[in-house]
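Accompanying notes for the structure given below.
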Amino acid sequence: MFRPTRERREVDAGLVAWKVRLFAVGAALALAGMGFELRWLVWAGIAALLAGLTLRFLPRRG
């Protein structure tokens with residue numbers, strides 16, 4: 001059975017800002033790549049989105 005922890009996590013504001021930036025850049029690159037039909041630009045957008053996803057797994061500071 002899945003039991004989520006009720007422990008409160010501290011949020012690193014700087015890390016959240018980078019996640020939002022990478023999401024915005026990745027989405028813009030992917031949409032531009034689809035619009036201009038440039039496969040490499042779509043892949044660059046996907047790479048930026050994956051980079052933002054990997055930030056989730058970085059350890060907290062302090």
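Start at 1 with the first residue, then count along the sequence.
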Should L50 and M34 be counted in the same cluster of Ile, Leu, Val, Met, Phe, Trp and Tyr side chains packed under 4.5 Å apart?
yes

Joint hydrophobic cluster, F36 plus L29, side-chain heavy atoms closer than 4.5 Å:
yes

Same cluster (ILVMFWY, side-chain, under 4.5 Å), V42 and L38
no

Looking at every heavy atom in both A48 and G26, which two are closest together, and how far apart are they?
CB-CA, 3.6 Å

Between L53 and L49, does the side chain to side chain contact (heavy atoms under 4.5 Å, CB included) criterion hold? Intermediate values first, please.
CA-CA 6 Å; L53 179 67; L49 289 171; over 6 Å; no

Give the cluster check for L41 versus I46: same hydrophobic cluster or not, with ILVMFWY residues linked at side-chain heavy-atom distances below 4.5 Å.
no

